[in-house]
Structure formats: C-alpha cells, structure tokens
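Presented below is the structure to which this report refers.
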Amino acid sequence: MALEGKQMARENLQLMLFLNLCKLMEMFPRQPEKLTLYMRQDLLENPESGEEPEPPVVPPTP
C-alpha cells in the first residue's frame with residue numbers, strides 16, 4: 001500500500017514538473033537560458049552529501 005502511494009506521488013510530481021517546463025517554454029520562447037533559473041539541479045541533490053552546491057548562474061536581463 002505504501003509503495004503504491006509513493007509511486008502515485010512520484011508520477012504526480014513528474015506530471016507537475018513537465019507542466020511547469022511547458023509553461024516556462026511558453027513564457028520564455030527562444031530564451032533557453034532562463035530554464036536554469038527555474039529548474040535547478042542543486043535542489044535535487046542530497047544536502048547531507050557534504051558537497052557544496054554550485055550557485056545558480058543568473059543570466060543577464062535584457
């Protein structure tokens with residue numbers, strides 16, 4: 001039962017991340033550098049790993 005709940009939560013999260021990506025593509029067409037502002041890999045890392053996360057690269061605003 002618990003595994004089914006985790007699987008459903010994972011699938012819902014994947015769907016929401018995909019929908020967020022679609023919205024970002026719609027909001028910033030031809031600006032792929034904006035993606036790094038909203039889809040940050042460092043948020044997926046385990047903070048207890050002892051590694052220092054790299055600061056996000058902020059592209060200049062036009």
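The analysis underlying the following values was restricted to heavy atoms, covering all of them including side chains, and did not include hydrogens, waters or symmetry mates.
In terms of the side chain to side chain contact (heavy atoms under 4.5 Å, CB included) criterion, residue partners of Glu26 (sequence neighbours excluded) are, by chain and number, Lys23. Every side chain to side chain contact (heavy atoms under 4.5 Å, CB included) that Leu19 has, sequence neighbours left out, goes to Leu15, Met16.
Within the model, atoms CD of Glu11 and CG of Leu13 stand 11.0 Å from one another, a figure rounded to the nearest 0.5 Å. Considering CE of Met27 and CG of Asn20, their distance stands at 10.5 Å, rounded to 0.5 Å.
Under a hydrophobic-cluster definition in which Ile, Leu, Val, Met, Phe, Trp and Tyr are linked whenever side-chain heavy atoms come within less than 4.5 Å, directly or via other members, Leu21 and Leu37 are assigned to the same cluster.
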